[in-house]
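No hydrogens, no waters, no symmetry mates; every other heavy atom, side chains included, goes into these values. Along the sequence shown, the residues carry numbers beginning at 1. Note that the coordinates shown come from a computational prediction; the quantities given were computed from them, not determined experimentally.
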Amino acid sequence: MKQQRQQFTMNIILWLLTSMIVCNGLPLKANVSGRPAVVNIGAIFSFKTVIGKAAKIAIETAIEDVNSNPDILPGTKLILQMKDSNYSGFMAVVEALLFMERETVAIIGPQSSVTAHVISHIANVLRVPLLSFSSTDPTLSPIQFPFFVRTAQNDLYQMSAIAEIIDHYEWREVIAIYEDDDHGRNGIAALGDKLAERRCRISYKARLSPEPTRDEITDVLVKVALRESRILVVHVPGSWGLKVFSVAQYLGMLGTGYVWIATNWLSTVLETNSPLSQDAMDDIQGVVTLRMYTPDSQLKRRFVSRWSNLTRGKLIGLNTYSLYAYDTVWLLAHAINGFFNQGGNISFLNNSRASELSEGNLHLDALSVFQGGNLLLDNILNVNMKGVTGDFRFTSDRNLIHPAFEIINVIGTGYRRVGYWSNHSGLSTALPETLWEKLPNRSSTSQMLHGVVWPGQTTQKPRGWVFPNSGRHLKIGVPHRVSYREFVSVRGPDVITGYCIDVFTAALNLLPYAVPYKLIPFGDGRTNPSGTELVRLITAGVFDAAIGDIAIITNRTKMADFTQPYIESGLVVVAPVWRKNSNAFAFLRPFTGRMWAVTAIFFLLVGTVVWILEHRMNDEFRGPPRRQVVTILWFSFSTWFFAHRENTVSVLGRIILIIWLFVVLIINSSYTASLTSILTVQQLSSPIKGIETLVSSKDPIGYQQGSFARNYLIDDLKIDASRLVALNSPEECAKALKDGPHKGGVAAMVDDRAYIELFLSTRCEFSIVGQEFTKNGWGFAFPRDSPLAVDMSTAILKLSENGDLQRIHDKWLLRRACSYQGAKMEVDRLQLRSFWGLFLICGLACLIALFLYFLKMVRQFSRHYSEESDLSGQSARSARIQTFLSFVDEKEEEVKSRSKRRQMERTSNRSTDDGSNSTSYSIRRNSEFASNKSLGATTNRGEV
């Protein structure tokens, strides 16, 4: 019968849409100059529902208030005709059609979103605006239904609030329980979209029929209880929503561990039917629900104070839908007033095809089109008023401004507010209106709520999931390894052991719940399987998880979630090595040849510089040429041992010597340390120095079959695939390394450090060369967003902290170290690049010192021999250079004494003629210079 009614309703709608085409015609009634005395409006909703019984009082009160207010619609009264749809969508459609016969300019309603979808088609054709205060379905789009106006908050915002609550508590999966109609399906679809934006999802959708029996609810909730998630979102009508919680209480689904979040239907029931019975309150303890937020104002307080008088003897509480219903009437009154102010007339037009609809008893030919519908709709959308719900106006997408919800927690005999959600700033404990004027802040630190008492009277945040009690075991894939069975060893269909298995079972034992599982080998047992393929089978649904020696690498993390690594690892290079014995010239090995050459050059350079700076004033740096050469060599090389006996007296010489001694100290210390290591530590040598050597060479490289090392070498290091050789066992690896590239083997092998340490424990002829060039670890793989991965990570951390992880490691992987374990690879010789900074500083210091010394010599020479500046010509310049070199070679004390004698003679001969004095002075100076030179030569012979 119900299906026949729905089919009949749709037939009416399709008939109207296809036949009622608006055209010009004559009005049924003549237009009246000025405003009419009355304006007909209609209202359609169910009077006995939770929303309807309170909304009816609010609408009637609003009509009285509008008609008694002379400032709005002066000279015009609103005539309201309300029709009870009595829970029936069919009756709502029929009543809407009847309103169209009575020249109704607007309809308040319908209450149900399902009915709104149907009636909106009629409103589009007849141009009669529908103003619904309770049809919150987000799919009632103004594009499809331009004459539908939602005068309450869109369910899209409510679902955003629920998604942010779930994300705030770091839950990832929810179960949706909803009524299987347009309103329920579309609301849950919107919730799914909002959850997806935060990497959450609806794991299961539990559908209920529009009027479910208790048995039907029981069957659905039993299926829900067998699921993994314990976060339940209930989106059902208030007329039977409490029945869901009654059944859940009976099934024990309101205990510790569950989270129930109800949409605003529950807050509406709590407000309207307050107080609920004790049994009903017991059924919803710890439930979180939402309520449309309406800011406090004088208008709201005044209306709330009137409510008790309006409902005297009826026991009907005031809910938010009633507030929006009250404001809807005022919105319509303001719009009609604006309509008349703009010259609008209430007139209706006949349809040109009305005669075709006259047959039968439905009287569809009486339906007419409201000529001023578009103008009235524009006025409705442009109203800007203050109502009992706050600022009342529409955004560009025809939703009410400032969408916000209160978050309520049911406790004891009532409920308490734990926070707010607003589209502006998300979750907050502050009033939404205090945040609207501020910049949006969606940072994680700003998102907060007060403490919630969850089902089971606990304040601790529930984990949000349990292992499903469905009797099904987890199918866990395990690689069927051929080599390194210490990690995973498949001894039979049901006997799988190894280090990785022990870590997994130890972590499972730390979980607060049981996890039934079955280990399933993956691989043929003849070659090592691919870890990447094993992880891919999780996404394909073949396995529920994968454990074993599975390295955590980038492309695998894109397919699955991994636990905390239980062993650190990374790729290393293994190559054959041999002992490097000492020889007679081992003392030369610490430095390279270039380092030795540059050091020797600087010894000579510094010695020469110090000799130049000290020669004029230090007798230890004077004497015959042979002696001075010996002095330079002795002084230079004796500084290596800090055994130089010559003293420096010049400032520049001492500065250079201090810098050089610092350089010598560093070089000497480095040489000593390197030589000590060479002579005391056993040295291993290999032509392979690391991964760089392999990349630059053309030799074949080995890798373990099934390892990710192959892809890494090809994709990241760009090594040609033809150079890579797959090795399937440690014995094959050892043979290939011993044979080498010239006998069909490999130059080196690249593998995970965890395998290599086990490989080298019994094979001392090989060693790791170079540094570990990747960093990763091994972990257990689970499906994306699996909560089990998080709990297992926590368990692995506990194993690490209490030492169990190390004990498991020692049980399986601890082996006797070979005799080479303490040996080191050949120590790199000290390069010039390690000391070039010191040499640069020392060289610059020498250059600066020589430059300053040269300036000093030029200045002294110019002061003592300024008289020769009058001479000119090539011979004069040559003589002056010779004189300068002789001056530089002179001892500084002799120059100073000669200068004093010259000054005394000038004083005694000051009265003599300038010309003769000049001539005699020149002759005397030349003779003095010759005698001083002779005297110097005699002195030098005496020193020898």
Side-chain angles (χ1 to χ4, degrees), residues 1-3 46 48-52 87-89 111-114 136-137 155 158-159 162 173-189 191-192 202-270 272-273 276-290 410 415 454-456 462 464-466 468-471:
M1 185 65 182
K2 183 183 297 184
Q3 292 180 350
S46 299
K48 297 180 182 180
T49 60
V50 175
I51 296 175
Y87 300 95
S88 172
Q111 178 180 325
S112 167
S113 297
V114 177
T136 54
D137 185 349
D155 263 353
Q158 180 172 210
M159 298 309 171
I162 293 175
E173 292 186 357
V174 304
I175 294 176
I177 302 172
Y178 64 97
E179 183 182 26
D180 191 16
D181 61 4
D182 289 343
H183 180 243
R185 286 190 299 269
N186 296 333
I188 294 304
L191 176 61
I202 299 175
S203 60
Y204 181 69
K205 294 181 179 181
R207 298 175 296 176
L208 292 167
S209 63
E211 295 178 3
T213 63
R214 189 177 180 87
D215 290 340
E216 181 184 347
I217 296 174
T218 301
D219 293 340
V220 169
L221 291 187
V222 167
K223 295 178 182 178
V224 168
L226 297 177
R227 308 296 296 188
E228 181 178 287
S229 176
R230 284 295 179 261
I231 314 300
L232 311 179
V233 177
V234 184
H235 184 50
V236 297
S239 56
W240 52 267
L242 290 178
K243 193 188 299 183
V244 174
F245 288 104
S246 176
V247 175
Q249 181 75 274
Y250 174 76
L251 296 176
M253 297 176 64
L254 281 161
T256 304
Y258 279 90
V259 175
W260 289 83
I261 302 175
T263 51
N264 63 343
W265 68 265
L266 181 57
S267 62
T268 304
V269 171
L270 289 171
T272 307
N273 296 337
L276 295 178
S277 66
Q278 187 59 49
D279 290 341
M281 290 302 298
D282 290 341
D283 292 341
I284 57 175
Q285 290 297 303
V287 176
V288 174
T289 184
L290 280 74
V410 180
Y415 53 85
W454 304 102
W465 73 283
V466 296
N469 187 22
S470 60

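With rounding to the nearest 0.5 Å, the separation of CD in E179 from OG in S239 is 7.0 Å. To the nearest 0.5 Å, atoms CD1 (I261) and CG (L191) are separated by 9.0 Å. Distance check, rounded to the nearest 0.5 Å: CD1 of I188 to NE2 of H183 gives 9.5 Å. In this structure, the separation between OG1 on T289 and CH2 on W265 is 7.5 Å, given to the nearest 0.5 Å. Between S112 atom OG and D182 atom CG the span is 8.5 Å, to the nearest 0.5 Å. Interatomic distance, CD1 of I231 versus CD1 of I175, reported as 9.0 Å (0.5 Å rounding).
Contact of the L232 side chain with the M253 side chain is registered, since non-hydrogen atoms from C-beta on lie closer than 4.5 Å. Counting heavy atoms from C-beta on, the side chains of R214 and V247 come closer than 4.5 Å. Considering only heavy atoms from C-beta on, I177 comes within 4.5 Å of W260 through its side chain. Under the 4.5 Å side-chain criterion, counting only non-hydrogen atoms from C-beta, V269 is in contact with L276. For the pair R230 and W465, the minimum side-chain heavy-atom distance is 4.5 Å or more.
The two residues Y415 and V410 have their closest heavy-atom pair at CB-CA, 4.0 Å. Across all non-hydrogen atoms, the minimal contact from V234 to F245 is CG2-CZ, 4.2 Å. The nearest pair of heavy atoms linking S229 to S203 is CB-OG, 3.9 Å. Of all the heavy atoms in L221 and V244, the pair that sits closest is CD1-O, 3.6 Å. In terms of heavy atoms, T218 sits closest to L251 at O-CD1, 4.2 Å. Of all heavy-atom pairs spanning P212 and K243, the tightest one is O-NZ, 3.4 Å.
When each of L266, L270, T272 is paired with T268, the side-chain contact (heavy atoms from CB on, under 4.5 Å) condition holds for T272 and for no other.
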Full working for side-chain contact (heavy atoms from CB on, under 4.5 Å) between L208 and I217: CA-CA 7 Å; L208 292 167; I217 296 174; 4.1 Å; yes
Yes or no on side-chain contact (heavy atoms from CB on, under 4.5 Å) for V233 and M159, after CA distance, side-chain angles and deciding distance? CA-CA 10 Å; V233 177; M159 298 309 171; 5.7 Å; no
side-chain contact (heavy atoms from CB on, under 4.5 Å) between Y204 and E173: does it pass, once the steps are laid out? CA-CA 9 Å; Y204 181 69; E173 292 186 357; over 6 Å; no
Give the C-alpha distance, both sets of side-chain angles, the deciding distance and a yes or no for side-chain contact (heavy atoms from CB on, under 4.5 Å) between D219 and E216. CA-CA 5 Å; D219 293 340; E216 181 184 347; 5.5 Å; no
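With D181 contributing its side chain and G184 its backbone, the two residues share a donor-acceptor pair below 3.5 Å.
Within a 6.0 Å sphere centred on CZ of R185, heavy atoms belonging to other residues, nucleotides or ligands number more than 12.
Between the side chains of T136 and Q158, not a single donor N or O lies within less than 3.5 Å of an accepting N or O. Using modelled atom types, one finds a donor on one side chain and an acceptor on the other under 3.5 Å when comparing Q111 with T49.
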